[in-house]
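Accompanying notes for the structure given below.
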Amino acid sequence: MIKLRCSKKLFRRSSSKSSTASSSDGGSDRGEIEWEVRPGGMLVQKRDGRGDVEVITVRVATGFSWHDVSIGATCTFGELKVVLSMVTGLEPREQRLLFRGKEREDTDHLHMVGVRDKDKVLLLEDPALKDMKLRAALARLKVQSPYHPFIKV
């Protein structure tokens, strides 16, 4: 956390608000602004210490149904996949999430991509893994064939 003091008027809080705010907050000095460095390296004014996380509802559409999922606005698509694995039964590595026509990476944050409350995300099963499952099921059927030779040598 970085504290900067500036005598410029644009960084000062108004006198009517600062006198009531300093007495109720436990007292931050007048004209003093607290700064923080975000994970991306950006220096920004420190937020209130509320810790409230905005929760949004995302409508996830599969091929034949849809699910409304509540998740934090700052979560990643990987975290959304974990929540969807509990709802749909598909493992996160088997899922492909598309938003605005583009497949999104697991590390992309919802709010950075532009996902808002009540937005629609498309869930597709990974075609490569789907093909591998189908081939494994066919191989199991060949092994468990009901046909047996009549003559044993």
Handout entry: Side-chain heavy atoms of T76 within contact of T107, under 4.5 Å
Key = no
Problem - Under the side chain to side chain contact (heavy atoms under 4.5 Å, CB included) test, residues paired with V55 that sit two or more places apart - result: S70
Completion exercise
Taken in chain and number order and not counting sequence neighbours, the residues that satisfy side chain to side chain contact (heavy atoms under 4.5 Å, CB included) with D131 are R135
Handout entry: Test side-chain hydrogen bond (donor to acceptor under 3.5 Å, both in side chains) applied to T62 - qualifying residues, sequence neighbours left out
Key = S65
Fill in the blank from the handout: Separation between CG (L84) and CD (E79), nearest 0.5 Å, reads 12.0 Å
Completion exercise
Residue set satisfying ring pair (Phe, Tyr, Trp, His ring centres under 6.0 Å) with H67, at least two apart, ordered chain then number -> none
Exercise for the section: Walk me through it: do I56 and V115 pass the test side chain to side chain contact (heavy atoms under 4.5 Å, CB included)? Expected result: CA-CA 9 Å; I56 60 173; V115 178; 4.1 Å; yes
Report, one line per pair, each donor and acceptor closer than 3.5 Å where one atom sits in a side chain of residues 91-98; sequence neighbours left out.
unit_1 : atom_1 : unit_2 : atom_2 : d
E94    : OE1    : E91    : N      : 3.3
E94    : OE1    : K133   : NZ     : 3.3
E94    : OE2    : K133   : NZ     : 3.4
Q95    : NE2    : K81    : O      : 3.4
Q95    : NE2    : L90    : O      : 3.0
R96    : NE     : E103   : OE2    : 3.3
R96    : NH2    : D126   : OD2    : 3.0

N/O donor to acceptor pairs below 3.5 angstrom from side-chain atoms of residues 116-123, sequence neighbours left out:
unit_1 : atom_1 : unit_2 : atom_2 : d
D117   : OD1    : T57    : N      : 2.7
D119   : OD2    : R116   : N      : 2.7

Practice task
For residues 74-98, pull every pair meeting ring-ring contact (aromatic ring centres under 6.0 Å, His included), keeping only residues two or more places apart or in separate chains.
Solution key: none
Problem - Residue pairs involving residues 93-135 (criterion ring-ring contact (aromatic ring centres under 6.0 Å, His included); sequence neighbours excluded) - result: H109-H111
Practice task
Give the other cluster members for W66, using side-chain heavy-atom distances under 4.5 Å between Ile, Leu, Val, Met, Phe, Trp and Tyr residues; answer none if it is isolated.
Solution key: none
Exercise for the section: Give the other cluster members for V44, using side-chain heavy-atom distances under 4.5 Å between Ile, Leu, Val, Met, Phe, Trp and Tyr residues; answer none if it is isolated. Expected result: M42
Practice task
Indicate, with yes or no, if V113 and V60 share a hydrophobic cluster defined by side-chain heavy-atom contacts under 4.5 Å among Ile, Leu, Val, Met, Phe, Trp and Tyr.
Solution key: yes
